[in-house]
Q: 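Before I ask anything, let me first share the structure, which is written out below as structure tokens.
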2 protein chains.
Amino acid sequence: MDIQLKRGLLDVCVLAAIKDSDSYGYKIIKDMKPYIALSESTLYTILKRLELAQMLTVRTAEHGGRLRKYYRITDRGLQRIADFQNEWNEMLSIYRFVTKEDAGNE
Amino acid sequence: MDIQLKRGLLDVCVLAAIKDSDSYGYKIIKDMKPYIALSESTLYTILKRLELAQMLTVRTAEHGGRLRKYYRITDRGLQRIADFQNEWNEMLSIYRFVTKEDAGNE
DNA sequence: ACGCAATACATCGTAACACGAAGTATACGG
DNA sequence: CCGTATACTTCGTGTTACGATGTATTGCGT
């Protein structure tokens with residue numbers, strides 16, 4: 001998928017990936033992979049950005065003798081997902097603009 | 001609309017704006033405005049990029065004693081629009097991933 | 001015991017890109 | 001003659017996705 005198109009989707013996708021239950025970096029990448037692939041460096045950048053925007057909180061916990069960072073979505077993060085649904089409607093209107101046939105063309 | 005979300009849409013929108021008949025900068029901006037707003041500096045950057053990618057051709061013509069650059073879409077540009085329809089399907093699947101309710105939540 | 005893949009997170013430099021600001025120049029209405 | 005619309009251009013900046021690279025631990029096969 002085109003990298004430019006991904007840009008607006010990635011943040012929301014990461015939020016969606018932790019929406020139902022806390023998750024951590026490696027798992028988020030795996031969960032998102034079937035829908036949208038992203039590299040580790042990208043993910044951790046996004047997670048930091050979302051934390052800064054207070055759309056998620058971080059908690060460090062031990063798992064199998066190793067430290068993991070668990071991410072939990074906040075109300076603000078949930079709101080971001082809700083906002084995305086509105087943006088989707090705008091995108092739909094743009095989609096129709098792009099794909100509309102010339103009048104009298106068919 | 002979120003700037004990141006716009007990024008993947010702008011190129012295709014500009015192509016769509018000149019698809020049915022040749023157009024020029026100022027008019028393209030006006031035609032797109034109801035769907036997606038963009039500044040002049042952005043538009044001319046995009047037009048240059050699309051020309052480089054051979055998705056449109058440029059022709060300078062006089063109009064009312066003033067020079068105008070008219071842009072015409074090429075086959076490659078039309079193909080880009082067709083490709084966008086496939087990308088849209090990918091986006092739809094991402095949209096469903098983002099907005100799906102937790103199983104057993106309702 | 002040793003190596004190697006998988007797990008897990010972090011940092012750095014780069015290139016693409018949208019935008020505001022500012023500039024240039026002409027047409028036209030009041 | 002002045003302001004607004006038209007029309008295109010250039011420059012600097014901030015955001016961002018990514019590859020490359022590094023660090024460290026677990027667990028499995030042999």
Side-chain angles (χ1 to χ4, degrees), chain A residues 1-15 17-18 22-33 35-53 55-71 80 87 90-91 94, chain B residues 1-15 17-18 22-33 35-53 55-71 80 87 90-91 94:
Chain A
M1 140 160 266
D2 176 51
I3 182 179
Q4 300 307 322
L5 223 36
K6 280 172 76 169
R7 286 177 103 98
L9 270 11
L10 282 174
D11 281 35
V12 192
C13 281
V14 170
L15 288 173
I18 63 169
D22 296 7
S23 190
Y24 55 94
Y26 228 70
K27 182 163 190 294
I28 294 172
I29 288 180
K30 278 193 181 171
D31 290 343
M32 286 177 58
K33 201 161 211 168
Y35 305 99
I36 188 168
L38 79 173
S39 69
E40 293 179 53
S41 57
T42 302
L43 203 234
Y44 291 111
T45 306
I46 292 173
L47 287 170
K48 231 168 269 169
R49 185 163 67 233
L50 292 176
E51 189 193 357
L52 207 70
M55 294 192 183
L56 52 76
T57 55
V58 193
R59 150 179 67 94
T60 303
E62 205 187 295
H63 178 88
R66 168 190 315 185
L67 287 183
R68 255 192 202 158
K69 285 186 159 189
Y70 285 91
Y71 299 91
R80 176 71 188 87
E87 291 184 316
E90 282 184 65
M91 284 208 283
I94 292 171
Chain B
M1 137 160 268
D2 175 52
I3 182 178
Q4 299 308 323
L5 223 35
K6 281 172 76 169
R7 283 177 103 100
L9 272 10
L10 282 175
D11 281 34
V12 190
C13 280
V14 170
L15 288 173
I18 63 170
D22 297 6
S23 190
Y24 54 95
Y26 227 70
K27 182 162 189 296
I28 294 171
I29 289 179
K30 277 193 180 171
D31 290 342
M32 286 177 58
K33 201 161 210 168
Y35 304 98
I36 189 167
L38 78 173
S39 70
E40 294 179 53
S41 56
T42 302
L43 202 234
Y44 291 111
T45 305
I46 292 173
L47 287 170
K48 231 168 272 170
R49 184 162 70 234
L50 291 176
E51 189 192 356
L52 208 70
M55 294 191 184
L56 51 77
T57 55
V58 193
R59 150 179 68 94
T60 303
E62 204 187 297
H63 177 88
R66 168 189 316 183
L67 287 182
R68 256 191 202 159
K69 284 188 159 186
Y70 285 91
Y71 300 90
R80 176 71 188 86
E87 291 184 316
E90 282 184 64
M91 285 208 283
I94 292 172

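Everything numeric here is computed off the predicted structure, so don't read it as measured data. Letters A, B, ... are given to chains in the order of the sequence lines, protein chains preceding strands, and every chain is numbered from 1.
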Q: Could you pull out all residues at least two apart from A/Arg7 that satisfy side-chain hydrogen bond (donor to acceptor under 3.5 Å, both in side chains)?
A: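 If we apply the side-chain hydrogen bond (donor to acceptor under 3.5 Å, both in side chains) test to A/Arg7, skipping adjacent residues, the hits are B/Gln4.
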Q: Ignoring hydrogens, what is the shortest heavy-atom contact between A/Val14 and A/Met32? Give both atom names and the distance.
A: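 So the two residues come closest at CG2-SD, 3.8 Å.
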Q: Start with the C-alpha distance between A/Lys69 and A/Leu47, add both sets of side-chain angles, then the distance that settles side-chain contact (heavy atoms from CB on, under 4.5 Å), and finish with yes or no.
A: CA-CA 11 Å; A/Lys69 285 186 159 189; A/Leu47 287 170; over 6 Å; no
Q: Do the non-hydrogen side-chain atoms of A/Ile94 and B/Met1 ever get within less than 4.5 Å of each other?
A: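 In contact.
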Q: Can you confirm whether B/Val12 sits close enough to B/Glu87 that some side-chain heavy atom of one is under 4.5 Å from a side-chain heavy atom of the other?
A: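 No. Closest side-chain heavy atoms not under 4.5 Å.
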Q: Which of residues 1-14 of chain A sit near DNA chain C, with a heavy atom under 4.0 Å from it?
A: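 Going residue by residue through residues 1-14 of chain A, the ones with a heavy atom under 4.0 Å of DNA chain C turn out to be A/Gln4.
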Q: Between A/Arg68 and A/Ser41, just flag the one whose closest nucleotide in DNA chain C comes earlier from the 5' side.
A: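 The residue whose closest nucleotide sits nearer the 5' end is A/Arg68.
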Q: When you measure from the side chain of B/Lys6 to the backbone of A/Gly8, do you find a donor-acceptor pair of N or O atoms at a distance under 3.5 Å?
A: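 Flag not set: sc B/Lys6 to bb A/Gly8 has no pair under 3.5 Å.
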Q: Could you pick out which residue, A/Arg49 or B/Tyr71, lies toward the 5' side of DNA chain D when each is mapped onto its nearest nucleotide?
A: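 This one resolves to B/Tyr71.
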Q: Partners of A/Tyr35 by ring-ring contact (aromatic ring centres under 6.0 Å, His included), sequence neighbours excluded?
A: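 Scan of A/Tyr35 (ring-ring contact (aromatic ring centres under 6.0 Å, His included), adjacent residues dropped) gives B/Phe97.
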Q: Taking any atom under 4.0 angstrom from a heavy atom of chain A, which nucleotides of DNA chain D are the first and last to qualify, 5' to 3'?
A: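 The protein-touched segment is D/dT15 to D/dT26.
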Q: What residues form a side-chain hydrogen bond (donor to acceptor under 3.5 Å, both in side chains) with B/Tyr70, not counting sequence neighbours?
A: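 So B/Tyr70 forms a side-chain hydrogen bond (donor to acceptor under 3.5 Å, both in side chains) with B/Arg68.
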Q: Assuming nearest nucleotide by heavy-atom distance, tell me which of B/Lys48 and B/Leu67 is located more 5' along DNA chain D.
A: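 Closest to the 5' end, via its nearest nucleotide, is B/Leu67.
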Q: Does any pair with a residue in residues 23-32 of chain A pass salt bridge (Lys or Arg N to Asp or Glu O under 4.0 Å), and if so which ones, sequence neighbours excluded?
A: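 Qualifying pairs, neighbours excluded: A/Lys27-A/Asp31.
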Q: Counting only heavy atoms and a strict 4.0 angstrom limit, can you tell me which residues of residues 23-31 of chain B come near DNA chain D?
A: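 Residues of residues 23-31 of chain B under 4.0 Å from DNA chain D: B/Tyr24, B/Gly25, B/Tyr26, B/Lys30.
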Q: By side chain to side chain contact (heavy atoms under 4.5 Å, CB included), which residues pair with B/Thr45, not counting sequence neighbours?
A: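 By the side chain to side chain contact (heavy atoms under 4.5 Å, CB included) rule, B/Thr45 matches B/Arg49.
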Q: Can you name the residues that form a salt bridge (charged side-chain N to carboxylate O under 4.0 Å, His left out) with B/Asp22, not counting sequence neighbours?
A: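 Only B/Arg59, B/Arg72 meet the salt bridge (charged side-chain N to carboxylate O under 4.0 Å, His left out) criterion with B/Asp22.
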Q: With heavy atoms of chain A within less than 4.0 Å as the criterion, where does contact along DNA chain C begin and end?
A: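 So the outermost contacting nucleotides come out as C/dT7 to C/dC17.
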Q: Just jot down the side-chain hydrogen bond (donor to acceptor under 3.5 Å, both in side chains) partners of B/Ser23, sequence neighbours excluded, or say none.
A: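 Result, side-chain hydrogen bond (donor to acceptor under 3.5 Å, both in side chains) vs B/Ser23: none returned.
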Q: Go through the structure and list residues passing salt bridge (charged side-chain N to carboxylate O under 4.0 Å, His left out) with A/Glu51, not counting sequence neighbours.
A: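 Per chain and number, A/Glu51 pairs via salt bridge (charged side-chain N to carboxylate O under 4.0 Å, His left out) with no residue.
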